[in-house]
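The first residue of the sequence shown is numbered 1, and numbering continues consecutively from there.
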Amino acid sequence: QVQLVESGGGLVQAGGSLRLSCAASGRTFDNYAVGWFRQAPGKEREFVAAISRNSGITNYADSVKGRFTISRDNAKDTVYLQMNTLQIEDTAVYYCAARVGRFVYTAANGYNIWGQGTQVTVSS
């Protein structure tokens, strides 16, 4: 079973950028589709972006299209989420999730492996 660890979160001003990393350990990561989700206080967890195991398919929530980019480096067993032009509404705990297979899911229940999350706070 793969284990996931997110990093790269922090405090940034509106308009700034952060890059989140999701590092996998335990098994080869290149057979897993990966998604990023976020959860703000008092809100449900929501889909942010997803990438297929060979990077051939990416999917984004409308709220982040054009600002966030998901990518992966299977040689490093890591998936990235580059977040640009951050807005206050992007403040949340960000989670990466994974599932074996070639399909990309936008629903949280499509993934069965989750990291512990990393906090992103965007200030005005």
Side-chain angles (χ1 to χ4, degrees):
Q1 182 90 330
V2 161
Q3 293 85 43
L4 304 176
V5 177
E6 303 96 333
S7 63
L11 175 64
V12 63
Q13 286 191 321
S17 298
L18 282 174
R19 187 177 79 158
L20 304 184
S21 298
C22 173
S25 62
R27 299 193 70 170
T28 302
F29 200 33
D30 59 4
N31 198 32
Y32 289 77
V34 176
W36 282 98
F37 292 78
R38 66 187 182 187
Q39 188 166 18
K43 295 188 177 181
E44 292 187 355
R45 190 168 299 190
E46 65 174 358
F47 170 75
V48 175
I51 189 165
S52 62
R53 57 189 182 182
N54 63 359
S55 302
I57 299 172
T58 58
N59 201 335
Y60 296 92
D62 288 344
S63 60
V64 307
K65 279 181 183 175
R67 301 189 297 123
F68 291 11
T69 302
I70 190 170
S71 62
R72 67 190 298 162
D73 184 342
N74 285 340
K76 296 182 178 180
D77 291 334
T78 302
V79 171
Y80 303 98
L81 185 68
Q82 178 66 43
M83 306 187 296
N84 297 329
T85 319
L86 281 161
Q87 303 168 355
I88 293 174
E89 307 84 75
D90 295 318
T91 295
V93 177
Y94 283 71
Y95 300 89
C96 67
R99 178 175 177 145
V100 169
R102 61 187 178 93
F103 294 110
V104 172
Y105 297 90
T106 60
N109 61 14
Y111 300 90
N112 57 347
I113 302 168
W114 289 81
Q116 83 290 346
T118 186
Q119 176 71 47
V120 172
T121 303
V122 184
S123 65
S124 60

Would you mind writing out the side-chain donor-acceptor pairs for residues 79-87 within the sub-3.5 Å range, not counting sequence neighbours?
unit_1, atom_1, unit_2, atom_2, d
Gln82, NE2, Asn84, OD1, 2.9
Asn84, OD1, Ser17, OG, 2.9

Using a 3.5 Å cut-off and no angle test, enumerate the donor-acceptor pairs between side-chain atoms of residues 92-101 and protein atoms at least two apart in sequence or in another chain.
unit_1, atom_1, unit_2, atom_2, d
Tyr94, OH, Arg38, NH1, 2.9
Tyr94, OH, Asp90, O, 2.6
Arg99, NH1, Gly110, O, 3.2

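In the hydrophobic cluster analysis, where Ile, Leu, Val, Met, Phe, Trp and Tyr join through side-chain heavy atoms closer than 4.5 angstrom, Phe68 is grouped together with Leu20. Under the 4.5 Å side-chain heavy-atom criterion for Ile, Leu, Val, Met, Phe, Trp and Tyr, Trp114 and Val120 are members of distinct hydrophobic clusters. Cluster annotation: Val104 is connected to Phe37 through the hydrophobic network of ILVMFWY side chains, with a link wherever side-chain heavy atoms come within less than 4.5 Å. Ile57 and Val34 fall into different hydrophobic clusters, where Ile, Leu, Val, Met, Phe, Trp and Tyr side chains are chained together by heavy-atom contacts under 4.5 Å.
Note that CZ of Phe47 is 12.5 Å distant from CH2 of Trp36, once rounded to the nearest 0.5 Å. In this structure, Asn74 CG and Tyr32 OH are separated by 12.0 Å, a value rounded to the nearest 0.5 Å. Residue Asn31 holds its CG atom at 5.0 Å from CZ of Arg53, rounded to the nearest 0.5 Å. Here the CD-CD1 distance, from Gln13 to Ile88, works out to 10.0 Å after rounding to the nearest 0.5 Å.
When hydrophobic residues (I, L, V, M, F, W, Y) are linked wherever their side-chain heavy atoms come within less than 4.5 Å, Leu11 remains an isolated member.
Closest approach of Phe29 to Thr78, counting heavy atoms only: CD2-N, 4.0 Å. Heavy-atom minimum distance, Ser55 versus Thr58: O-CG2, 4.5 Å. Across Thr118 and Gly9, no two heavy atoms sit closer than the pair OG1-N, 3.2 Å.
Judged by distance alone, with hydrogens and angles left aside, the side-chain atoms of Arg72 form a donor-acceptor pair with the main-chain N or O of Ser52 at under 3.5 Å. The backbone N or O of Ala33 sits nowhere less than 3.5 Å from a side-chain atom of Tyr111 that would complete a donor-acceptor pair.
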